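I have placed the structure first, in the form of structure tokens, so that the comments after it can refer back to it.
Given the structure is predicted, the values throughout are model-derived calculations rather than measurements. For this chain, numbers begin at 1 and follow the sequence in order.
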Amino acid sequence: QVQLVESGGGLVQAGGSLRLSCAASGRTFSTYAMGWFRQAPGREREFIAGISRGGINTYYTDYVKGRCTVSRDIPGNAVYLRMNSLEPEDTAVYYCAASMGSYRSREESDCAYWGRGTQVTVSA
């Protein structure tokens, strides 16, 4: 069993930065790849970034490539998403998820555990 809690969201102006955190509990945390997803108002939830079980490999979708960095603190049971050059289109609820599949997987069905999300609002 893994519990995930996101934090770090908030209101930021366009061009600003945020660092989202995902705190995990559970002794099996390191056995999961971790993914970040987001859901904007009126849109389906989408995968944006992933990191491998060992924290070595990362993957970003075109939505965020070059603007985001995902990292993982395995001893600390945490995953982070640093977002720069934020745009109003980045406004969404951001979720972290523990995946049984690849760190590159966009499939929500691969994700065994989800956090409740943290709201990010980017003003123009």
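Between Ser25 and Gln3 the shortest heavy-atom distance is OG-OE1, 2.7 Å. When all heavy atoms of Tyr60 and Cys68 are compared, the pair lying nearest together is CE2-O, 3.4 Å. Summarising the geometry of Gln119 relative to Val93, their closest heavy-atom pair is OE1-CG2, 3.2 Å, with the distance given to 0.1 Å. For the pair Ala78 and Phe29, the tightest heavy-atom approach, listed with the atom from each and the gap, is N-CE2, 3.8 Å.
Remark: Phe37 CZ to Glu46 CD distance equals 10.0 Å, nearest 0.5 Å. Put simply, CG on Leu86 and OG on Ser17 are 6.0 Å apart, with the number rounded to the nearest 0.5 Å. The structure places CD1 of Ile51 at 13.5 Å from CZ of Arg104, a figure rounded to the nearest 0.5 Å. Going from atom SG of Cys22 over to atom CH2 of Trp114 covers 11.0 Å, rounded to the nearest 0.5 Å. One distance of note links OH of Tyr59 with CG of Asn57; it measures 13.0 Å at 0.5 Å rounding. To the nearest 0.5 angstrom, Met100 atom CE is 10.5 Å from Cys111 atom SG.
Side-chain atoms of Ser105 do not come within 3.5 Å of backbone N or O of Ser102 as any donor-acceptor pair. In this structure a side-chain-to-backbone donor-acceptor pair under 3.5 Å is missing from Arg38 to Ala92. Between the side chain of Thr91 and the backbone N or O of Val122 there is at least one donor-acceptor pair closer than 3.5 Å.
Trp36 has its ring centre no less than 6.0 Å from the ring centre of Phe47.
The ring-ring contact (aromatic ring centres under 6.0 Å, His included) analysis of residues 66-111, with sequence neighbours excluded, yields no pairs.
A heavy-atom distance below 4.5 Å is found between the side chains of Asp90 and Arg67. The shortest side-chain heavy-atom distance between Arg53 and Met34 does not fall under the 4.5 Å cut-off.
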Going by atom type alone, with no hydrogens or angles, which donor-acceptor pairs under 3.5 Å involve a side-chain atom of residues 5-16 and a protein atom two or more places apart or on another chain?
residue: Glu6; atom: OE1; partner: Arg116; partner atom: N; Å: 3.1
residue: Glu6; atom: OE1; partner: Gly117; partner atom: N; Å: 2.8
residue: Glu6; atom: OE2; partner: Cys96; partner atom: N; Å: 2.9
residue: Glu6; atom: OE2; partner: Gly117; partner atom: N; Å: 3.3

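Linking Ile, Leu, Val, Met, Phe, Trp and Tyr residues whenever their side-chain heavy atoms come within less than 4.5 Å leaves Ile74 and Leu4 in two separate clusters. A single hydrophobic cluster is seen to contain both Val79 and Tyr113, as judged by linkage of ILVMFWY side chains at heavy-atom distances under 4.5 Å, directly or through other members.
In this structure, the salt bridge (Lys or Arg N to Asp or Glu O under 4.0 Å) partners of Glu108, at least two apart in sequence or on a different chain, are Arg45.
Leu81 pairs with exactly one of Ile48, Val64, Thr118, Thr69 by the side-chain contact (heavy atoms from CB on, under 4.5 Å) rule, that one being Ile48.
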